[in-house]
Amino acid sequence: MKLFSYLMALLLLQAVPGLGLPKDTLRCLRYHGFCFRSKSCPKPFAAFGTCSWRQKTCCIDTTSNFHTCQDEGGHCVPPEIKCLQEQVGLCPHGEWKCCTEL
């Protein structure tokens, strides 16, 4: 019976996409990133955090509509800080926001 329970759990992890992935990998994929083994990203990609429990580099495509906050001239701040002017841009920390003026 224990073997059956183990096999069912293994099957469930494979059946539900993203369930068994680390948090940093899921965040990277949410921003349409790719996980590379090297510490630097090939062009036209830019580093955007880590994947696989900080063993790989998350790289996002700089030619797409997804731009980092710093590329847009902003600063990434935690959610408890109030922005005078918020703008579109990706921040390496999931809940942080991109501000041009604090």
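Sorted by first then second residue, the side chain to side chain donor-acceptor pair (under 3.5 Å) pairs that include residues 36-48, not counting sequence neighbours, number zero.
On the SG-SG cut-off of under 2.5 Å, C59 and C41 qualify. For a disulfide, the SG atoms of both cysteines must be under 2.5 angstrom apart; this fails for C91 and C98.
Using a 4.5 Å heavy-atom threshold, the side chains of L21 and L29 count as touching. Two residues are said to be in side-chain contact when any heavy atoms from C-beta on lie closer than 4.5 Å; K23 and W53 fail this criterion. Residues Q85 and C99 are not in side-chain contact: their nearest non-hydrogen atoms beyond the backbone lie 4.5 Å or more apart. Using a 4.5 Å heavy-atom cutoff, the side chains of V77 and K97 are in contact.
Heavy atoms only, all atoms of each residue included: W96 and P79 are closest at CD1-CD, 4.0 Å. Taking every heavy atom of both residues into account, T57 and A47 meet most closely at CG2-CB, 4.1 Å.
In terms of modelled atom types and a separation under 3.5 Å, the side chain of D24 and the main chain of G49 share no donor-acceptor contact.
Every residue two or more places apart in sequence or in another chain that forms a ring pair (Phe, Tyr, Trp, His ring centres under 6.0 Å) with F45 is listed here: F34, F36. The side-chain contact (heavy atoms from CB on, under 4.5 Å) test applied to C51 returns T25, C28, C35, K56, C58, not counting sequence neighbours.
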